[in-house]
Chemist: 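The structure under discussion is supplied below as C-alpha cells; questions concerning it will follow.
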Amino acid sequence: MIILLNILSLLNIVLFFILQILLIRLFGASFEVDAYYLSIGIIQFINANFTGFLTDLYIPVYNDINVKNREESEKFTGALFVLMVILGIFLSLFVFIIAPYIVKLFASGFPVDKIAFSTKLLRILSASILFSSLSSAINSTLNANLFMLRTYSAGLITPIFNLIAFLFFTKTYGIQAIIYSSVFGSMVSFSVLFFYLLRNIGLRISNPFIQPDISSLLKQNISIRAGNLVYFLKDPITTNTLSFFPTGYITLYTYANSIFNVLFTVINSPILQTFYVKISNLISKRANEELRYILSYTIKSNILLFITALMFIVLISKETFSFLFALKITTSQLTILYNLFLAFIPFYFIMSFEIPLVNFTFAMREGRKVLQISLFFIILYCLFLVAGIRLLGVYIIPVAMSLAQLRSATAYARFVNKNLAVIDSSIIESIVKFAIFVSLLISLNVIFGNYFYYKFLFNLLLISAWFLFTRKDTMYTLQVIIKKGEIK
C-alpha cells in the first residue's frame, strides 16, 4: 500500500523536524547553522546532479532488460554498481581537496571565518558521497522491482543517528557531531540496502566498460542530466544571493523551503515514484488510454493531498513558528520566515502537477527537451531575480522560482500532449480550480496574518469549503493510496 510509504516518510520527516527545532533552539539563526545548511546543501547538490548521470534513466532501461533476461539485468546492476564505486571515490576526494573553492562558489558573500568553518564541515561530509552514490544505485534497482518499503525504511537510519548525535555529542563537539553522524548514517544505510539487494534480487559484478547497456544508458542520460544540472544551478544562485543578506537569512530560507520539501516527501513522493515505474513500462507499449488515466489520477491526487495538508499547516504556521523558535529568533526574523513560507506556496503548487509531466519526459528519454526547458528556467529565474530584488528583497527568490517554474510546467505539458495526447480538459479544469483555492489561501493569510482570530476563522471556513468541494476526489484518492498489492 502506498500509504505505508507515506507513513514511513512521515516518520522520517518527524525526526527531521525534531532535529531542526533542536538546532534552532540551541544555536539560533547563527553562522554555524548557516554553514551547516550550506554544507548539507552542497552535498545534496553534488549527489543529485553527478550520480544522476548514471541513474536518471536507469529504471526504464533496467525494466527493458529485466523483461527479456533476468540474468542480464543482474549484470547490468552489477556494472552500474562498479561505476558508482569509481564515481563515488572520485567525487569524495575531489570535494575534500577543493572544498574551500566550492564553498566560495555557493556562498561568495560569506566572510573568511564563515568560509573556513563551512569548508571544515564540507570536508567531513565529503566521505558520505561514496555511500550515497552506491545507495542511489541500489534504491533505483529496488524501486524498479517495487521493493519501496525497504528503501523508505532505510531512509530513517541517518535521521536517527543525527538525533542521537545531537542529544549526546553536540555539547562536546558542537554542530560537527551531527555532520559526523550523517556520514556514519549514510554508511549504515548503504550496508542495509546492499545486503537486502543481494538476498532478494541479486547482483552480478561485471565490467562496466564492456557492458553495452551501460554505454547506452550513459548516452541517453547525458542530455537529461545536463538539463537537471542546469536546472539545479538555481541552488548555488540562490545561496549566493542569500549570502549577501545579513547573517541568518540562509537559515530562514532553508526552514521555509524545508517545510515544503518535507510536505512533498511525505505526501507526494510515494505516489510519484510508483507512477514513474508504471509509466516506464507503459510508454513503450504506447498504452495511451491507460497512461491518460494514470496521469489524471496522479495529478489530481498530488494536488489534492498537497493542498489538504497545506491548509492545516497554514492554519497554525505563524503561531507554531513563534512557539518553536521565539527563544533564538527575533520578531522580525519570525516575520521573514512566515512570509517566505507563504511565498513558496505557488512554487510547490506548480511542482505538484509539473513533476508527473517531467516523469513522462524522462520515461520517453527525451533529454534534449529537458535540457531546453531547464535552460529557459534558469535564464528566467536569473532575470526575475535581478529585476525584482530591490523591490521585493529576499521574497523575490520564491516569486522568481514560481514564475520561471510556471513557464516550465506549460512547456512540459505541451510537449507530453503533443507526443502522447494524454492531457484532457478535466486535468486542466482541476488545476485551475485548485489554483483558485491556493490563491484564496495565500490572500487570506497575507491579509489576516497579524489577526489570529480572523485568520483562524477564515481558514476553517476555507477548509470546510475545500472538503465539500473535493469530497468525491478525496474518497477516490484514499482508495488509491490504500490499495494493496502494488508495493513490496
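As the structure is a prediction and not an experimental result, all values here were calculated from the model.
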Chemist: Is the NZ or CZ atom of R407 both under 6.0 Å from the centre of the six-membered ring of F376 and within 45° of that ring's axis?
Modeler: yes

Chemist: In this structure, is the centre-to-centre distance between the rings of F110 and F106 below 6.0 Å?
Modeler: no

Chemist: Anything under 30° is parallel, anything over 60° is perpendicular, the rest tilted; go ahead and classify Y249 against F245.
Modeler: parallel

Chemist: Could you check whether any side-chain N or O of N143 sits under 3.5 Å from a backbone N or O of M148, counting only pairs where one atom can act as donor and the other as acceptor?
Modeler: no

Chemist: Taking S243 for its side chain and G109 for its backbone only, find out whether a donor-acceptor pair lies under 3.5 Å.
Modeler: yes

Chemist: Do L83 and L87 come within less than 4.5 Å of each other through their side chains, counting heavy atoms only?
Modeler: no

Chemist: Looking only at side chains, do Y152 and N12 share a donor and an acceptor under 3.5 Å apart?
Modeler: no

Chemist: So which heavy atom on I345 is nearest to which on V438, and how close?
Modeler: CG2-CG1, 3.7 Å

Chemist: Going by salt bridge (charged side-chain N to carboxylate O under 4.0 Å, His left out), name the pairs with one or both residues in residues 366-382, residues two or more places apart or in two chains.
Modeler: none

Chemist: Show your working on side chain to side chain donor-acceptor pair (under 3.5 Å) between Y58 and T77 and close with a plain yes or no.
Modeler: CA-CA 9 Å; Y58 173 78; T77 302; 2.8 Å; yes

Chemist: Verify, without hydrogens or angle tests, whether R123 (side chain) and F96 (backbone) share a donor-acceptor contact under 3.5 angstrom.
Modeler: yes

Chemist: Under 30°, 30 to 60°, or over 60°: which ring-plane class applies to F260 and F306, parallel, tilted or perpendicular?
Modeler: tilted

Chemist: Do the ring centers of F169 and Y180 come within less than 6.0 Å of each other?
Modeler: no

Chemist: T251 and Y36: side-chain donor and acceptor closer than 3.5 Å?
Modeler: no

Chemist: Is it the case that the ring center of F434 lies less than 6.0 angstrom away from the ring center of F349?
Modeler: no

Chemist: Is a donor from one side chain sitting under 3.5 angstrom from an acceptor on the other, for N302 and S352?
Modeler: no

Chemist: Are the side chains of Q405 and Y231 in contact, using a 4.5 Å heavy-atom criterion?
Modeler: yes

Chemist: Does the ring center of Y412 lie less than 6.0 Å from the ring center of F360?
Modeler: no

Chemist: Would you mind reporting whether I179 and S39 have side-chain heavy atoms less than 4.5 Å apart?
Modeler: yes

Chemist: Just wondering, do S182 and L125 contact through their side chains at under 4.5 Å, heavy atoms?
Modeler: yes

Chemist: Answer yes or no: are there more than 12 heavy-atom neighbours, outside F232 itself, under 6.0 Å from its atom CZ?
Modeler: yes

Chemist: To check you understand the geometry: which heavy-atom pair defines the closest contact between M84 and L130, and what is its length?
Modeler: O-CD1, 4.4 Å

Chemist: Regarding Y381 and T238, is there a side-chain donor-to-acceptor distance under 3.5 Å anywhere?
Modeler: yes

Chemist: Can any side-chain N or O of S374 pair as donor or acceptor with the backbone N or O of G227 at less than 3.5 Å?
Modeler: yes

Chemist: Does the plane of the ring in Y255 sit parallel, tilted or perpendicular to the ring in Y37? Use 30° and 60° as the thresholds.
Modeler: perpendicular

Chemist: Would you say the side chain of F81 lies within less than 4.5 Å of the side chain of I138, judging by non-hydrogen atoms?
Modeler: yes

Chemist: Would you please name every residue forming a side-chain contact (heavy atoms from CB on, under 4.5 Å) with N257, sequence neighbours left out?
Modeler: Y253, N261, F344, Y348

Chemist: Looking only at heavy atoms, which two atoms of S118 and A35 are closest? And how far apart?
Modeler: OG-CB, 3.2 Å

Chemist: Closest heavy-atom contact between L193 and R150?
Modeler: CD2-O, 4.1 Å

Chemist: Which heavy atom in S206 sits nearest to a heavy atom in K75, and how many Å separate them?
Modeler: OG-O, 2.8 Å

Chemist: May I ask you to decide if the ring planes of F94 and F90 are parallel, tilted or perpendicular, using 30° and 60° as cut-offs?
Modeler: parallel

Chemist: Between I178 and N162, what is the shortest heavy-atom contact and its length?
Modeler: O-ND2, 3.4 Å

Chemist: Looking at S189 and G185, would you say the former's side chain and the latter's main chain have a donor-acceptor pair under 3.5 Å?
Modeler: no

